[in-house]
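Scroll down for the structure; my scribbles are underneath it.
Owing to the predicted nature of the structure, the values given are computational and were not obtained by experimental measurement. Chain identifiers are assigned alphabetically (A, B, ...) following the order of the sequence lines, protein sequences preceding nucleic acid strands; residue numbering begins at 1 within each chain.
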Amino acid sequence: MKTEVSRRSFLQLVGGVGASFMLGGFATLACADESASAQDPFAPNVFLKIDPDGVCTVSITRSDMGQGVRTTLAMLVAEELDADWSMVKVTQAPGDRATYGGMGTGGSSSVRGTNQQLRRVGASARAMLVAAAAKQWGVEPSACRTEAGKVLGPSGQSLGYGALTTAAKAIPIPTDVKLKERSEYKIIGKPQNRLDNLDVVTGKAVYGADVRREGMLYAVCLRPSVFGSKSETIDDAKARAVPGVVDVFAISSGVAVVASNTWAALKGREALEVKWTEGPKHSTASLREALKAAAKDHNAMPGGAKRVTANYELPYLAHATMETLNAVADVRDDRVEVWTGSQSPDSAQNNVARATGLTADKVEIHNLLLGGGFGRKFSNEWIGEAVEISKRMKKPVQLLWSRECDIQHDLYRPMSEHVLSATLDAEGKPLGFSHQYLQAPGRGSGDYGTNTYLPYEVPSAGLRSAGVPSSVPTGAWRSVEHSQIIVANECFIDELAHAAGKDPFEFRKSILKNERLLKVLISAAEKGQWGKTLPKGSGQGIACFEGYGSRIAHVVEVTVKDDTIKVDRMVAVVDAGTTINPRGVEAQIQGGFMDGIATALYAEINIDGGAVEESNWSDYGWTRMSDTPKMEIFIEDSGGAFGGMGEVGYPSVPAAIANAVFAATGKQVRKFPIRLSELV
Amino acid sequence: MATYKIKVNGITKTVEAEAEMPLLWALRDLMGLTGTKYGCGIGSCGSCTVMLNGESVRSCQTAISDVGDKDVLTIEGLGARELHPLQKAWVEHDVPQCGFCQAGQIMAAAAFLKETPNPTDAQIDEAMNAILCRCGTYPRIREAIKAAAKEMK
Ligand code: FES
Ligand code: FES
């Protein structure tokens, strides 16, 4: 406990420090205040602990919502540590910014943001273990090497890391450690299965929803269907009569029903009679009109032989994580404990501290596995609700969002309208490219002079974003703005190719200035047998994307038959710079592709009278097993920095599918999800 | 409120519940068996799939009073003694992403393979369409089912 306090105050002193500073600081403290015994574990910092039995436990500060980050981050430490991979375990760090620094998980930043720090953690610990062994053998550390959890001496000596934990604690922290060259990697780049698999398939894995505490009550919440309205009168007589219901009361976001089990809480909620205040009566139809009205002027563009314009419509999307939002809160007078799955557990700690008037160190946030995230689990508002309810009940309470709450009270990917126009010269080369990106509601407006979202060579290109007011709450959804901008861009590039009388792949190739992206594009065309003859009613589509430090190109094949679109095949070539876990990359590309199919063909959120029309999986369409095409994924790294992987697999997919639909039908997709009756 | 004696994973448990309480909530809230997951509550996602006398059912659509003396098998019981070939295949093929749907997937697949030991792709699609995976693990589920089917021969 003493160490804990010292660590905190150390961090407070240095403020928002880089990780390498933290490492040195922690380690010095750890050495200073512990008297070694034969059984001591070696924990040079908060990120790594090596036990006398040789087990290496890595503390994971990012949230695992299916992207496999617990495995990936552990691989980074294990690589530089030269650990025996079978002896590596992970533990999830609690939400605690003072100890761990920022912990937000999103924007495919986990690996990119922590790899330097984590590799140093591994390399420093390794150096200390080597020094400890060398001292014991009376040899130079440089004469020793390490392999799979052992230090090996010059004359055949060998000591497992577990046998060196106590000795390693006495070694001063190395001030500079050399990280491995890519050619020296033994763990990075090798396919590894997820460390959590066995727990998941036996039902032992603990998600937020699975937390059970002594004396815990179960709560659900009735929310106003119209965004922006509040409860005016509550008639809870019938709800209270439901066996098992313990209490009913208004909370900031609606009316909470607390019961002895979830079912009773749900039944109680059903029996509630609540009159809500009026709210704004937006509808997707009226918002679409407003977006179209706002989309008037194009960015200035040079004239050309040909001018091409197109509008694309994208809907609101729900995240619909498989595990709905939930938290267990146990609010006491002098401390609060929360169990949940959050993409920002460190912010949660601060939020709860503020809400309860306690200091952050009195708030413990246990972050568990997340049954999906996709950007939904950043906002932590469900934790606030659980805290509100537990505070009132003076008991641990689990708040669970029903699926209906989830679909109808998401922070949606905004609906958007994209007005694209371009001019082409007589040879069909683009001279100007303009993209107006309008959202409801707007998420900040601005002009982007050099178009960061367009990897193509166009002398004059611009993206202008704007918005119209809307009461619909919005947030980040897998790949954030790329989920809109890239979809529209990559559809429009195909339209330009057609206007120029060129093949969409050849057209892209001729104007792509980004060499690494060009490489994956060419490779995808090859692997996907671009241009092959397909039966009537089938077509190929291509699209590409660079972002989050990675590059990808997709070639898809679709068949349009009897009013349905079926995606038959997907080829993806991905360049993640340096891939850490090929199995994880493959999974993310598969997942991004299934999201692409779902949003190209089925998913949309509609608003009417200020409320969401969809309410569950029955009307918020998603993919099923039979939607799954043949998938071929090729990793072709160009080397260098580790790229992000959670988002990159999505944005080019809906566009590739739309482009394939054009190839199959001769008609353009201008609206998502794609309906054959709406092709133009 | 009534008392029910329910045989779950070979052990008889006594619970006090309303007759209409879905087995899902009885398992999760009254018996502490949280491996079975809530995903929709309306029979549309399959996350809550368990076996009743060897047949897959949606526990959110099965009232506790309808269980009677049937054997309930949940993910916790499936591989209690030795991992089921499907569980092994799931680990080997690295199926789970977030993992939240996977108990339902495995229980549905286990019931399916009992009936259909040599499944074709079309049969797998048809049987597994009932279980939604938001993360898109379908390609690996397909592989893992085929591998387990081979293993079970
Ligand atoms: S929770 Fe039972 S089918 Fe979705
Ligand atoms: S693995 Fe996440 S829902 Fe299936």
Pick from [options] with the largest number of heavy-atom pairs that fall under 4.5 Å of chain A:
options: Pro22(B), Gly41(B), Gly77(B), Gly43(B); value: Pro22(B)
options: Leu132(B), Leu86(B), Ile106(B); value: Leu132(B)
options: Ala26(B), Ala103(B), Gly39(B), Cys45(B); value: Gly39(B)
options: Pro139(B), Cys135(B), Gly79(B); value: Pro139(B)
options: Met21(B), Gln105(B), Glu76(B), Met128(B); value: Met21(B)
options: Glu92(B), His84(B), Met1(B); value: Glu92(B)

Looking at every heavy atom in both [X] and [Y], which two are closest together, and how far apart are they?
X: Val91(B); Y: Asn193(A); answer: O-ND2, 2.9 Å
X: Phe100(B); Y: Gly371(A); answer: CB-CA, 3.9 Å
X: Cys40(B); Y: Trp617(A); answer: CB-CD1, 3.7 Å
X: Val201(A); Y: Pro96(B); answer: CG1-CG, 4.4 Å
X: Gly372(A); Y: Cys98(B); answer: N-CB, 3.3 Å
X: Tyr38(B); Y: Ser402(A); answer: OH-CA, 3.3 Å

With a 4.5 Å limit on heavy-atom distance, are the side chains of [X] and [Y] in contact?
X: Met322(A); Y: Ser47(B); answer: yes
X: Lys37(B); Y: Asp210(A); answer: yes
X: Met625(A); Y: Ile131(B); answer: no
X: Ile75(B); Y: Thr202(A); answer: no
X: Thr34(B); Y: Tyr207(A); answer: no

[X] versus chain B, the contacting section by heavy-atom distance below 4.5 Å:
X: Gln398(A); value: neither
X: Thr324(A); value: side chain
X: Ala209(A); value: both
X: Ile597(A); value: neither
X: Arg583(A); value: both
X: Asp595(A); value: side chain
X: Leu369(A); value: neither
X: Leu266(A); value: side chain

For atom [atom1] of [X], decide whether the heavy atoms of other residues, nucleotides or ligands shown that lie under 6.0 angstrom number more than 12.
X: Lys190(A); atom1: NZ; answer: yes
X: Lys7(B); atom1: NZ; answer: no
X: Gln61(B); atom1: CD; answer: yes
X: Glu632(A); atom1: CD; answer: yes
X: Glu115(B); atom1: CD; answer: no

*Thinking salt bridges, do Lys267(A) and Glu20(B) make one under a 4.0 Å N-O criterion?*
yes

Any side-chain to backbone donor/acceptor pair from [X] onto [Y]? Under 3.5 Å, distance only.
X: Tyr138(B); Y: Gln590(A); result: no
X: Arg142(B); Y: Thr628(A); result: yes
X: Asp29(B); Y: Thr262(A); result: yes
X: Asp94(B); Y: Arg194(A); result: yes
X: Arg212(A); Y: Arg28(B); result: yes

Measure distances from [X] to the heavy atoms of chain A and classify the residue's part below 4.5 Å as side chain, backbone, both or neither.
X: Ala130(B); value: backbone
X: Gln87(B); value: both
X: Gln102(B); value: side chain

*Apply the test side-chain contact (heavy atoms from CB on, under 4.5 Å) to residues Trp90(B) and Asn197(A): give CA-CA distance (whole Å), side-chain angles for both, the deciding distance (0.1 Å), then the verdict.*
CA-CA 8 Å; Trp90(B) 243 245; Asn197(A) 280 349; over 6 Å; no

*Looking at Met65(A), Gln588(A), Gln67(A), which one forms a side chain to side chain contact (heavy atoms under 4.5 Å, CB included) with Gln97(B)?*
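Per the side chain to side chain contact (heavy atoms under 4.5 Å, CB included) rule, the option paired with Gln97(B) is Gln588(A), out of Met65(A), Gln588(A), Gln67(A).
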
*asked:* Working to the nearest 0.5 angstrom, can you tell me the gap between Ile42(B) CD1 and Glu404(A) CD?
replied: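 Result: 6.5 Å between the selected atoms.
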
*Value rounded to 0.5 Å, distance of OG in Ser626(A) from CD1 in Ile124(B)*: 12.5 Å

_Between Gly68(A), Ala205(A), Ala320(A), Pro191(A), the one whose heavy-atom pairs under 4.5 Å with chain B are most numerous_ = Ala320(A)

*Count the heavy-atom pairs under 4.5 Å between each of Ser618(A), Ala598(A), Ala587(A) and chain B, then report the option with the highest count.*
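Heavy-atom pairs under 4.5 Å are most numerous for Ala587(A).
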
*NZ or CZ of Arg134(B) within 45° of Phe374(A) ring axis and under 6.0 Å*: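 Positive - Arg134(B) is close enough to the ring of Phe374(A) and near enough to its axis.
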
